[in-house]
Structure formats: structure tokens, C-alpha cells
2 protein chains.
Amino acid sequence: MQNRQAITILAALAQESRLAVYRLLIEHAPEGLAPSAIAEKLGLANATLSFHLKELSHAGLVSSRQSGRFIYYAPVIETMDELVGYLTDHCCSQSAGTCATAAARCAPGKRPAAATRRRRASA
Amino acid sequence: MQNRQAITILAALAQESRLAVYRLLIEHAPEGLAPSAIAEKLGLANATLSFHLKELSHAGLVSSRQSGRFIYYAPVIETMDELVGYLTDHCCSQSAGTCATAAARCAPGKRPAAATRRRRASA
DNA sequence: TCCACATTTCCATAATGATGGAATTATAAA
DNA sequence: TTTATAATTCCATCATTATGGAAATGTGGA
């Protein structure tokens, strides 16, 4: 994941209403929710919600599909996964051991460890 | 971790210069770097860098210690770890299986799994 | 077609964030 | 104490983001 993309995703999540929308969609994954339902649950104006959904979409955090008169927004888990991967990579220093807890979170063997991947990429 | 705090941390990272500063500090963990060195490496004006360091400090992402005429800024890994924990928690839906990849990242047994912890907290 | 409703776009406004020059504060060496 | 360097604060400016009413667009049913 590129820096630029990580910033876009982080910025999309770094806003109260948007984080609330995303978390609500997570609770309703994988079907998702229509804007009307989201607006009602969170008390957001139509235009405001539409703005935030566009931001989340643009960041790749949610997808949408039309169904009849409704558009269902659902979270894109892969994007969150990539963000977590990015953070894990860049929270771990090249010199090992500076990030024990975060590193421990990574299941060894499931995928290359963070530092290893970065070393391979830049070498 | 509270919503509010997560937003503060996400917002701190969601900015090109600040993310660059943080990543630079990660490369120089755990000693850290002085603002003069950071400013030179990243080409930032003193005032601008100071502003960004304050944001990172306020979010708990960096700490500082004085040493002679210099102040060394170093990353606080625990904060990143908590952020990753928060994201992992809220990227995993209550209904299992919707977040396989991100969940797989968590070493089972190292700490309670994300969904489990949330269920326990809200129940 | 016409209507009802869902959603988005348009637009103006308000709020927040980023930037850096200049002045100020802090620390240590001469 | 004087001087040099490090870092922060002050402040003005510019840029971006958030908000929501009103109008426009899209969709399916009558």
C-alpha cells in the first residue's frame, strides 16, 4: 500500500460521523445498509451523509450496490486489512524488538512479517 | 480505546508531513530525533514541524525528552499498537467470518480476539 | 405517463487545519 | 554575562473540510 492511499484511508476514518458510519456498516456486514437507514440511525442530514459516504467510497472503505430503489453500502474489509498491514509495517522498526506487542499481533506464518516485507521491497 | 482517542490518532497520521515525521521517527527508534534533524531531512519549516510534532504528541504517538540543547522525539509504539487493536476490533463483524484476513493477522492466544473483547465489553 | 420516494449534487456558510516569517523562550558553551 | 544554537509560540494567511437546505436526478410502482 502506498503512502498516499494510506493517508486517504486514515483521513476517511478520522472523522466522527464517518467512523460512526463505517462502524455501523461493519455491524451490518456483509449486506450493508441504505443511506436512508444510516441517516436515521445516526441522525445525519441527507446531504451530509452523502458527502461522507463519498469520502468512504473514495478511500475504498465501502462499496455500494443498487437494489431496487435502494443503494446498499457495505464495508470493504480488504481495505481495512491493508490499512492494518500498512500500520503494522510502519510501526515496526527495522531494528527488531522495538515493537513487540504490535508484532505479536501478527500471526507468524500467515503472511510475511512486516519488517521482512518492507526489507524485501526496498532492497 | 475510546472512539474519540482513535479519531485523534487517525487524524494525526492522516497528514502527509506528520506521517512522514512519524515514519522517520520509527526508523530512528527508540532514540528518536531532534526537530532540527527532522526538519532538515524532510524539508519542513521550524514552525510547521513544531506544529506537527505537537499534534503527534497530543495524539500520544510520540514522546519527547530533553538532552542538552536538543529535544529528542521518539515514537510511542504502544499507541500504534492500541490503534491497530481498535481497528482490528472494529473491522471484524460480530457475525464471524466477515473479516477473515484481518482476523488471521491476530495471533490467537496472544490476546483475546477482537470480537470477543467487544462482546464482553458491551454485554 | 405521473407519482412517490431514495439519493445525490449544487451552493453558500461556517469551522478547522496547514504554513511559515518573525519574535520569544530555553539551554549550554565561551 | 554574552553569544550561539535549538525549539516553540505568535500571528496572519491560505486551503481544506464539514454542514445542510433546496434543487436535481434516478428508480420503481400505480
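Labels below follow one simple rule: chain letters A, B, ... track the order of the sequence lines, proteins then strands, and each chain is numbered from 1. As the structure is a computational prediction, the values presented were derived from the model and not from experiment.
- Counting to the nearest Å, the P atom of D:dA7 and the CD atom of B:Glu40 are 12 Å from each other.
- Base engagement by A:Ser50 is indicated by at least one non-hydrogen atom pair under 4.0 Å involving a base atom.
- Counting any heavy atom pair closer than 4.0 Å across all strands shown, B:Ala11 reaches no nucleic acid atom.
- Among the atoms of the strands shown, none is found under 4.0 Å from any heavy atom of B:Tyr72.
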Show, in sequence, the C-alpha distance, side-chain angles and deciding distance for B:Glu82 and B:Gln5, and conclude whether the side chain to side chain contact (heavy atoms under 4.5 Å, CB included) test is met. CA-CA 10 Å; B:Glu82 282 176 33; B:Gln5 194 192 351; 4.1 Å; yes
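- With hydrogens and angles ignored, the 3.5 Å screen pairs no side-chain donor or acceptor of B:Arg23 with any backbone N or O of B:Arg18.
- Linking Ile, Leu, Val, Met, Phe, Trp and Tyr whenever their side-chain heavy atoms come within less than 4.5 Å puts B:Leu53 and B:Leu19 in one cluster.
- Taking 4.5 Å as the limit, some side-chain heavy atom of A:Ser17 sits within range of a side-chain heavy atom of A:Leu44.
- Nucleotide C:dT7 holds its C1' atom 15 Å from the CG atom of A:Leu33, rounded to whole Å.
- What separates CZ of A:Phe70 from P of C:dA6 is a distance of 5 Å, to the nearest Å.
- Among the heavy atoms of the strands lying under 4.0 Å from A:Thr48 is at least one base atom, whether or not backbone atoms are also near.
- Atoms CD (A:Glu55) and P (C:dT9) sit 12 Å apart, rounded to a whole Å.
- Regarding B:Leu56, its CG atom lies at a distance of 10 Å from the P atom of C:dA18, rounded to whole Å.
- Test B:Leu24, B:Leu56, B:Leu25 against B:Tyr73 for side-chain contact (heavy atoms from CB on, under 4.5 Å) and you get one pass: B:Leu25.
- At whole-Å resolution of the value, CD1 in B:Ile38 and P in D:dA6 are 13 Å apart.
- In this structure, NE2 in B:His28 is found 12.0 Å from OH in B:Tyr72, a value given to the nearest 0.5 Å.
- One interatomic measurement links the two molecules: NZ of A:Lys54 to C1' of C:dT8, which rounds to 8 Å at whole-angstrom precision.
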Report all interatomic pairs (protein N or O, nucleotide N or O of nucleotides 13-16 of chain C) with separations under 3.5 Å.
none

